[in-house]
Amino acid sequence: GAVVSQHPSWVICKSGTSVKIECRSLDFQATTMFWYRQFPKQSLMLMATSNEGSKATYEQGVEKDKFLINHASLTLSTLTVTSAHPEDSSFYICSARGWGADYNEQFFGPGTRLTVL
Amino acid sequence: AQSVTQLDSQVPVFEEAPVELRCNYSSSVSVYLFWYVQYPNQGLQLLLKYLSGSTLVKGINGFEAEFNKSQTSFHLRKPSVHISDTAEYFCAVSRNTGNQFYFGTGTSLTVIP
């Protein structure tokens with residue numbers, strides 16, 4: 001099956017610093033990648049959708065200058081949380097769809113736990 | 001727009017008992033339906049999906065779900081649960097191929113020994 005990885009799996013940082021999270025499709029070409037945020041005991045909230053080579057489309061209420069998304073290749077998308085604050089602490093999950101995998105499905109990464117002190 | 005309702009936020013069930021997790025959706029167009037399982041501090045794993053064809057869908061780990069178009073439901077069932085089934089379960093719909101997924105709020109299944 002199609003595999004999506006995320007790195008790091010968890011990160012702790014100081015308030016005011018920036019953190020980059022990578023999402024990779026390991027065995028297929030991800031034409032579209034999605035970034036979700038999940039608070040404890042809650043569902044996934046879509047933050048943005050990115051198509052390879054294009055600017056990301058952000059959901060309403062998501063600050064695009066704070067959550068920078070880059071999808072420069074068919075196997076890699078990055079989410080950078082700029083000037084992180086404790087309220088940005090959350091579980092971030094990416095998913096991907098594309099060629100070489102079931103196009104009807106999104107394949108999810110294992111998630112990244114971000115804790116901002 | 002699509003929306004997904006998972007009626008039960010928590011479902012406790014004894015080991016080897018059957019379980020049903022309910023999911024209802026609203027949509028003015030045809031949808032694809034999915035059930036995912038999430039273990040603590042992990043991503044989502046696909047249990048099963050309905051795209052078309054037979055309304056009874058069988059997935060991994062002994063789970064199955066039935067698509068009922070008239071009731072706009074996609075309930076998840078397992079005839080006999082195990083301790084290892086304790087997890088969070090999410091129902092999701094998408095309007096068409098790989099488009100935005102709309103997730104329900106999740107159902108926490110706890111299997112009691």
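Please read these numbers as outputs of a predicted model, since none were measured by experiment. We name chains A, B, ... by the order of the sequence lines, and we start the count at 1 in each one.
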Which members of residues 58-86 of chain B, sorted by number, sit under 4.5 angstrom from chain A on a heavy-atom basis?
none

Rounded to the nearest 0.5 Å, what separates atom CD in Gln106(A) from atom CG in Leu46(B)?
11.0 Å

Looking at residues at least two apart in the chain, or sitting in another chain, which of them share a side chain to side chain contact (heavy atoms under 4.5 Å, CB included) with Ser5(A)?
Arg24(A), Leu26(A)

What distance separates Leu44(A) CG from Phe90(B) CZ, expressed to the nearest 0.5 Å?
6.0 Å

Side chain to side chain donor-acceptor pair (under 3.5 Å) against Glu88(B), all qualifying residues, sequence neighbours excluded:
none

Is there a path of hydrophobic side-chain contacts, each under 4.5 Å between heavy atoms of I/L/V/M/F/W/Y residues, joining Leu47(B) to Val11(B)?
yes

Shared ILVMFWY cluster between Leu46(A) and Tyr92(A), side chains joined below 4.5 angstrom?
no

Nearest 0.5 Å, what's the OG-OH distance between Ser43(A) and Tyr102(B)?
13.0 Å

Met33(A) and Val19(A): same hydrophobic cluster, using ILVMFWY side-chain contacts below 4.5 Å?
no

Result for side-chain contact (heavy atoms from CB on, under 4.5 Å) between Leu44(B) and one of Phe108(A), Phe107(A), Tyr36(A) points to Phe108(A)

State, with a plain yes or no, whether a side-chain heavy atom of Gln38(B) is found less than 4.5 Å away from one of Phe91(A).
yes

Counting only heavy atoms closer than 4.5 Å, note whether Gln38(A) contacts chain B via side chain, backbone, both or neither.
side chain

Leu74(A) and Phe28(A): same hydrophobic cluster, using ILVMFWY side-chain contacts below 4.5 Å?
no

Val11(A), Leu79(A): one ILVMFWY side-chain cluster at the under-4.5 Å cut-off?
yes

Check this for me: His85(A), atom NE2, are more than 12 non-hydrogen atoms of other residues, nucleotides or ligands nearer than 6.0 Å?
yes

How about residues 103-113 of chain B versus chain A: which residues have heavy atoms under 4.5 Å apart?
Phe103(B), Gly104(B), Thr105(B)

